[in-house]
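Structure first, commentary second.
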Amino acid sequence: MIEISPEAWQAIALSAKVSCVATVLSLPLAILTGFALARWRFIGREVLNGIVHLPLILPPVVTGYVLLLAFGRQGPIGGFLYQTFGVTLAFNWTGAALAAAIMAFPLMARAIRLAVEAVDPKLEEAAMTLGASPLWVFGTVTLPLILPGILAGAVLGFAKAIGEFGATITFVSNIPGQTQTLPSAIYTFLQIPGGENDALVLVLIAVAIAMTALLISEWLARYVAKRISSA
Amino acid sequence: MSIEARLTHQFDGFALDVDLRAPDGVTAIMGPSGAGKTTVAKMIAGVMTPQSGRVQVGSEVLFDSAAGLQIRPHSRKIGYVFQEPRLLPHLSVRQNLLYGAWFAKRGSGGLAQIADMLGLARLLDRMPRGLSGGEAQRVALGRALLTEPRLLILDEPLAALDAARKDEILPYLARIRDQALCPILYISHSVSEVAQLADTLAVLDQGKLAALGPIAEVLADPMAAHGLGARSTGALLNGTVTSVATDGLAAVTVPAGTLHVALGDASVGDKVILRVESSDVLLSVTKPEGLSALNILPGRICRVTKGPSGSVTVQLEAAGDHVLAKLTQRSTDALNLAPGQQVYAIFKSVAVDSRIMG
């Protein structure tokens with residue numbers, strides 16, 4: 001029987017919390033961004049597209065450093081948050097959630113954008129002539145039709161958040177029990193003599209989480225697609 | 001007037017300038033592709049906004065650029081059936097039917113009646129993707145009707161269907177017309193469909209209204225010929241079946257005389273609409289004898305209109321009905337045809353579009 005050390009448990013629990021918070025909080029914004037990029041023609045659309053995709057392209061360390069500059073206590077946003085609300089993100093689990101959310105955001109927004117682009121605007125026009133206001137059209141036609149895309153984006157984002165390492169360790173460091181997520185913990189265990197066993201356990205758990213997430217998303221996507229399949 | 005729509009809009013290389021006034025009942029809009037038929041319909045429904053104009057349906061003003069008034073499309077209560085059914089794929093047939101009713105706060109009260117009228121009762125629990133084209137279009141029709149619209153716009157609802165499916169849906173459209181649920185604006189390419197359904201006909205050509213009036217008058221108007229195409233103009237004759245011979249030919253009495261036509265399964269007393277295309281009419285200045293054609297009606301020439309490339313359209317009046325004949329300039333000259341002259345119209349073929357009763 002493989003024994004799981006308390007540090008490993010802590011890392012798993014923290015990673016689950018960080019990834020859930022990151023996914024849930026960034027999902028509404030990702031839906032809005034995906035919809036805007038797919039449908040709206042506005043000035044700065046290309047710039048927004050670039051900014052959304054930037055974390056995907058930049059080395060994660062760079063993203064983490066930018067977060068540290070902006071959200072650190074001395075930074076413009078971090079300073080404001082600390083002085084106004086007494087909130088500190090840097091070197092805190094909330095900061096880890098922010099880093100994970102930003103790294104996961106492009107994947108979510110992209111999946112949702114593709115789903116929105118696949119929705120036939122003619123259906124929305126028909127709903128409008130049946131008396132649905134734009135908000136109702138979105139809620140009763142667009143949203144149900146892009147649900148598979150949203151789910152796929154969320155699962156992809158969650159997986160990315162679980163695996164996030166570079167930006168997290170740069171922004172919130174690697175403090176056991178506070179900011180030591182699953183990948184940081186694996187990294188730490190590999191640095192100390194005799195830590196291979198713990199590292200291996202965490203690796204297996206990471207694989208299990210990833211596989212479960214994938215299976216759930218596949219099942220959800222198939223379930224929803226069966227209900228929705230476009231005529 | 002039930003529908004009043006004054007619409008002007010300058011598109012890229014196309015100007016729309018229409019003043020459409022239509023009474024209750026079914027008003028058909030015909031015209032060549034790109035004439036602006038769908039644009040007019042979408043502007044009335046509010047899905048498109050004209051640069052200037054005014055739209056009134058019944059007593060309700062829906063758009064008035066001068067007064068800065070614009071009712072948003074979802075509040076106009078205009079039912080719109082498109083060329084394709086556009087059913088919401090994630091909802092069942094029942095949910096699709098009730099979708100608009102819910103916004104109109106109607107509840108599901110009329111569902112059973114509409115489902116019964118359109119033959120949808122068996123389909124209520126199916127999903128849209130399992131329906132045939134005709135079934136789906138009937139659901140779209142029912143969905144629009146269940147919102148209890150003040151106007152129903154049918155934008156070529158049969159164009160995407162094959163002939164058998166068309167025949168399947170036409171009686172339902174007639175039923176909606178006869179129950180006078182609401183005025184209908186019917187956009188179509190097919191004279192046959194329009195002859196069976198419409199009371200009023202508007203012809204659009206290059207963004208302008210080329211003709212507007214009772215359907216039999218417009219179809220027999222030589223000036224409308226350009227917008228309709230020569231094969232569509234002609235005569236609409238309302239008649240009654242007076243006898244059916246053993247060889248299947250039925251005698252149909254029209255105001256100017258009796259015509260013999262092959263009617264599928266007519267019985268004495270049936271009211272039918274006979275349509276004669278202008279290119280299927282010959283003229284004779286003397287009463288013809290020894291001809292194989294069975295259908296000859298006497299009439300008087302009202303107008304002689306020169307068309308493009310040496311063709312001439314002669315309009316006759318035959319006991320109140322108007323008949324068009326398309327001839328060549330040469331034969332017109334040879335017969336010395338002029339307004340006021342008494343002639344005989346010989347019909348080479350007669351199309352029967354019985355006005356279907358619901």
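Lettering of chains follows the sequences in order, A, B, ..., and the numbering in each one begins at 1.
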message: Salt bridge or not between A/Arg113 and A/Glu117? Use side-chain N to carboxylate O under 4.0 Å.
response: yes

field: Which portion of B/Arg76 sits near chain A, non-hydrogen atoms under 4.5 angstrom
entry: neither

- prompt: Salt bridge check: are B/Lys77 and B/Glu60 linked by an N-O gap of less than 4.0 Å?
  reply: no

message: Students often mix this up, so state it plainly: with edges at 30° and 60°, are the rings of B/Phe82 and B/Tyr80 parallel, tilted or perpendicular?
response: parallel

task: Would you mind telling me which of A/Pro134, A/Ala132, A/Ala127, A/Ser133 has the largest number of heavy-atom pairs within less than 4.5 Å of chain B?
output: A/Ala132

query: chain A heavy atoms under 4.5 Å from B/Ser75: which part of the residue, side chain, backbone, both or neither?
result: neither

- prompt: Is it the case that A/Thr142 and A/Glu124 place a side-chain donor and acceptor less than 3.5 Å from each other?
  reply: yes

